[in-house]
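Bear in mind the structure is a predicted one, so any value in this text is a computation, not a measurement.
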Amino acid sequence: MAVKQTVLEALTRPRLADLVRRFDGGSARAGAAKTEFVSRLVRCRGATLEALLAALTRDELRAACVRLGLPDDGRDKRTLTERILGNGLLARGRGGQANSKTDRRMNEQTSATNQGPAGTRQPGTPVGGAAAASSRAPGMPAGRSPLPWGPDNPHPLSTLKTELVWEGKYDEYGNRREVDVAGCAMPLQKIETIDQPRSEAAAAGQLALFEKQTKRLDDFRNMLIRGDNKLVLASLLKDFRGEIDLIYIDPPFDVGADFTLDVPIGEENEKIGKDQSTLEMVAYRDTWGRGTDSYLHMMYERLILMRDLISETGSIFVHLAPTVSHLLKLVMDEVFTTDNFRNEIIVHRPISKNLQRQFTSIKALPQGHDAILWYSRTSNTRFQSLYVSQEVREEGYWHRFWSGADRPTMRYELLGETPTHGQWKWKKERALKAVENYEQYLRDGRGRTLAQYWRDTGEQLEFIRKSATGTAENYYPPQDEKIADTIWEDVKAYENQKDFPTQKHRELLTRIIEFASEGDQLVADFFCGSGTTGVIAESLGRRWLMCDLGRFGIHVARKRLIDTQRALHEEGKPYRAFDVHNLGRYERQWWQKERLQGADDEHRRLVLEFYRAEPIKSASPLIHGRKGPALVHVDSIDTMFTRDEATAVAKAAKEAGAKEVACLSWEFEMDLRLHTQALESELGVKLKLIPIPREIMERNRKEPPPFLEMAVLEAEPVYRKQNGRRTVDIKLTKFMPSLAEVPSKELEALKERAVKSGFDFIDFWAVDFDYHDGRPFSHHWQDYRTRKGRSLKTVSDQHYAYARPGKYTACVKVVDIFGCDTSITVGVDYA
């Protein structure tokens, strides 16, 4: 005990507070003295000396050695740990022989914890038998201990706690892996701002009237964010720590699912396949790279970050399939503690087609439900009762008036009966009044049923009578509502839309958001998919944050949110503007630092490998590889490929005698295509502009993703006269999609279709008539296809009028049916 206390006193107060949280449970009291933390850890049975030493860093172990008067020159943690343990055991002056069978069991137990997704171990102790080895003095053979196992020297097995363990939860030294919040946090880049009702009012020349009459709320701008949600969560902590009142997430949980989508193309009822794993399911390869272990680690890191974002009275609802809900329950117990577990809610999952009828035997019953795990941030938060509709009992029903609770003061004579145990449900005065009410009904009913009499008398009376068996029973009047329990059979989990099959049902999200938040509280969804959470939150007046990894999901969500803005405005209801953000080059920089050790050469090597190009040594630093007869240039990870760079690369390729050069970059300067066409005419070198696919950042990616030329987009201004003033619109003149997001088997056919009718591939386009470089794109006008309306304008009808004559720049953004966007600028001469 003295050795343990001496070791602890060598630590700093913040480090002690961290160990209190880890071993003693709960949170360390703010402002507590260092002596209090030391005392708590000394008394904590789980914080054995071995466990504490395994949780310390090498520098902390050296400090402990100095305090104990031991040499601190150990090269690794193991040496220092054994030195302290040896001192502690020998200092007791007692010895003895350990039970060799018990010692072997301990080794087997600790080794077994690393064999699968779940196991038991003492938090903070090393995996794979290190706890057993460290409990012996230096030089002591296996199976021998200087002190017999017992109260003064408890065997490690006796202090093990039940814990879910997965690969990656602990590091090589047995220390819990912490989420690197500082390393993951990065600035969010605002790329679009959307307030469609205001834009439409401005186009109609009614902006002044709009500003006077609108019910738009300007207290908060909602956020739709594209990016890895781990990085997004870490980035939000700066401004939203403890601010989110409700989080609903529907994380991926089925590695074997088919995520191919059918997306509509053109104006007819025609659809083509979209391989979602190419884009949105990037996360799956990282998530399921090591099976359940990597899934649990992915969820654990994100739940830790979400917990820190939730307010003191907030909640989180995690929507899962039964295949993983039992494992995530244990992870959430650890993150939020069991005290904050509220319910596991069962939601009906409709089975669209039951194929089991064609078989005489089956492996399992069809899955007819999902599970939603509900946790609160703190255990003292209370919520209003949730009522759901039910089939109306037209006549109500009677139920025994007796209760199993046992209060003697509630046992009195009623209708000739006095309970000998248990109690009546109501106090005596109330019960006697209910008996009198029923007797009054018998006198004044005049043929009416009790339900009719109850309604005629104002739906206020209570009734008690003696049943046919001679016991007292009270009347429950007809009700069209009941208090909800954890079985939600009346709402469905999914909308079952063919073009977005995992879209959550609006009724389900409405129930959760109405129940667990109120007013303008902040709601978040960090696996937002098609954006149903934001749509419902906006409709209910809540503020919202949403994020998703996939372009397609963000694109679908943006369209649905614009529709919601318009609908609310037309109904005279309040709405909020929203902004679209991404992590931009910061995410790539994080990937380069995390995975590539920050090296530009390693980045270029990896890009060339996926592009299947041969690295070469060139006289020019701008030429990095060769693929067939074409040279290859790979741009830096955090720069944009500009006109000047394109000119330099073209000249370098010409000096090398090449007729073609592929320019691979993460971002290209807007309108670069026109410049490269001019270069080709001037120098005789063709420049192929090829975006680097984001998929190469996947941890487990082995096969190269498609590298296709960037889309071609051309547009021109259209000048008109309207009401005596000159107006401007934009006309699309050409669009050729990149087709980078389509299944390879359909690529050739779609290339032919794109050449003939590229406009068929446009799903959404918008115009910012007064664009300024470095400022977010403002949606002044847009048009898009919907499920029912497949037509699309190719000329805007904004009739935009500038405040004064001059030269302006309009920006045109086109999003294709796969969710990929392309932008160009158009010069406007407004004379």
So, the side chain of [X] versus the backbone of [Y]: is there a donor-acceptor pair under 3.5 Å, distance only?
X	Y	value
Gln565	Gln196	yes
Ser235	Pro187	no
Arg226	Cys547	no
Asp783	Lys793	yes

With a cut-off of 6.0 Å (strictly less than), are more than 12 heavy atoms of other residues, nucleotides or ligands near [atom1] of [X]?
X	atom1	value
His399	NE2	no
Arg506	CZ	no
Lys425	NZ	yes
Gln384	CD	no
Glu489	CD	no

Which pair of non-hydrogen atoms, one from [X] and one from [Y], has the smallest distance, and what is that distance?
X	Y	result
Cys811	Phe777	O-CE1, 3.4 Å
Gly531	Ala557	CA-CB, 3.9 Å
Gln367	Pro322	NE2-CD, 3.3 Å
Thr486	Asn343	CG2-ND2, 3.3 Å
Val335	Leu303	CG1-O, 3.8 Å
Asp763	Arg790	OD1-NH1, 4.3 Å

Does either side chain, that of [X] or that of [Y], offer a donor lying less than 3.5 Å from an acceptor on the other one?
X	Y	value
Tyr248	His319	yes
Thr533	Asp525	yes
Thr532	Arg560	yes
Thr214	Arg198	no
Asp339	Thr337	no
Asn222	Glu538	yes

For [X], which residues count as a side-chain contact (heavy atoms from CB on, under 4.5 Å) partner, sequence neighbours excluded?
X	value
Arg221	Thr193, Ala577, Asp579
Ser311	Asp245, Thr313
Glu514	Thr510, Leu540

**Prompt:** Between Trp374 and Phe317, what is the ring plane arrangement, given parallel below 30°, perpendicular above 60°, and tilted in between?
**Reply:**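 The arrangement is parallel - the two ring planes meet at less than 30°.
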
Should the pair [X]-[Y] be classified as a salt bridge under the 4.0 Å nitrogen-to-oxygen rule?
X	Y	result
Asp219	Arg576	yes
Asp333	Lys329	yes
Arg177	Glu301	no

Residues in salt bridge (charged side-chain N to carboxylate O under 4.0 Å, His left out) with [X], at least two apart?
X	answer
Asp490	Arg511
Asp218	Arg216
Arg302	Asp228
Glu178	Arg22

**Pairwise distance CD1(Ile247) to OG(Ser315) - rounded to 0.5 angstrom** =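 Going from the CD1 atom of Ile247 to the OG atom of Ser315 covers 10.0 Å.
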
Less than 4.5 Å apart, side chain to side chain, heavy atoms only: is that true for [X] and [Y]?
X	Y	value
Trp454	Pro478	yes
Ser823	Val814	no
Leu320	Ile372	no

What residues form a side chain to side chain donor-acceptor pair (under 3.5 Å) with [X], not counting sequence neighbours?
X	value
Tyr300	Arg176
His779	Glu192, Gln782
Trp765	none

**Asked** Among all residues two or more places apart in sequence or in another chain, which pass the ring pair (Phe, Tyr, Trp, His ring centres under 6.0 Å) test with Tyr387?
**Response**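 Per chain and number, Tyr387 pairs via ring pair (Phe, Tyr, Trp, His ring centres under 6.0 Å) with no residue.
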
**Pairing residues for Phe220 by the ring pair (Phe, Tyr, Trp, His ring centres under 6.0 Å) criterion, not counting sequence neighbours** =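 Phe220 satisfies ring pair (Phe, Tyr, Trp, His ring centres under 6.0 Å) with no other residue.
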
**Message:** Can you tell me which residue among Leu545, Asp250, Val535, Asp548 is in a side chain to side chain contact (heavy atoms under 4.5 Å, CB included) with Cys528?
**Reply:**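 Exactly one candidate clears the test, Asp548.
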
**Request:** Verify the ring-centre separation between Phe341 and Phe336: is it less than 6.0 angstrom?
**Result:**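 So the answer is no for these two rings.
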
**Asked** Should His569 and Phe210 be marked as a ring-ring contact (aromatic ring centres under 6.0 Å, His included) after you check the CA-CA gap, both sets of side-chain angles, and the distance that decides it?
**Response** CA-CA 10 Å; His569 178 67; Phe210 171 86; 5.4 Å; yes

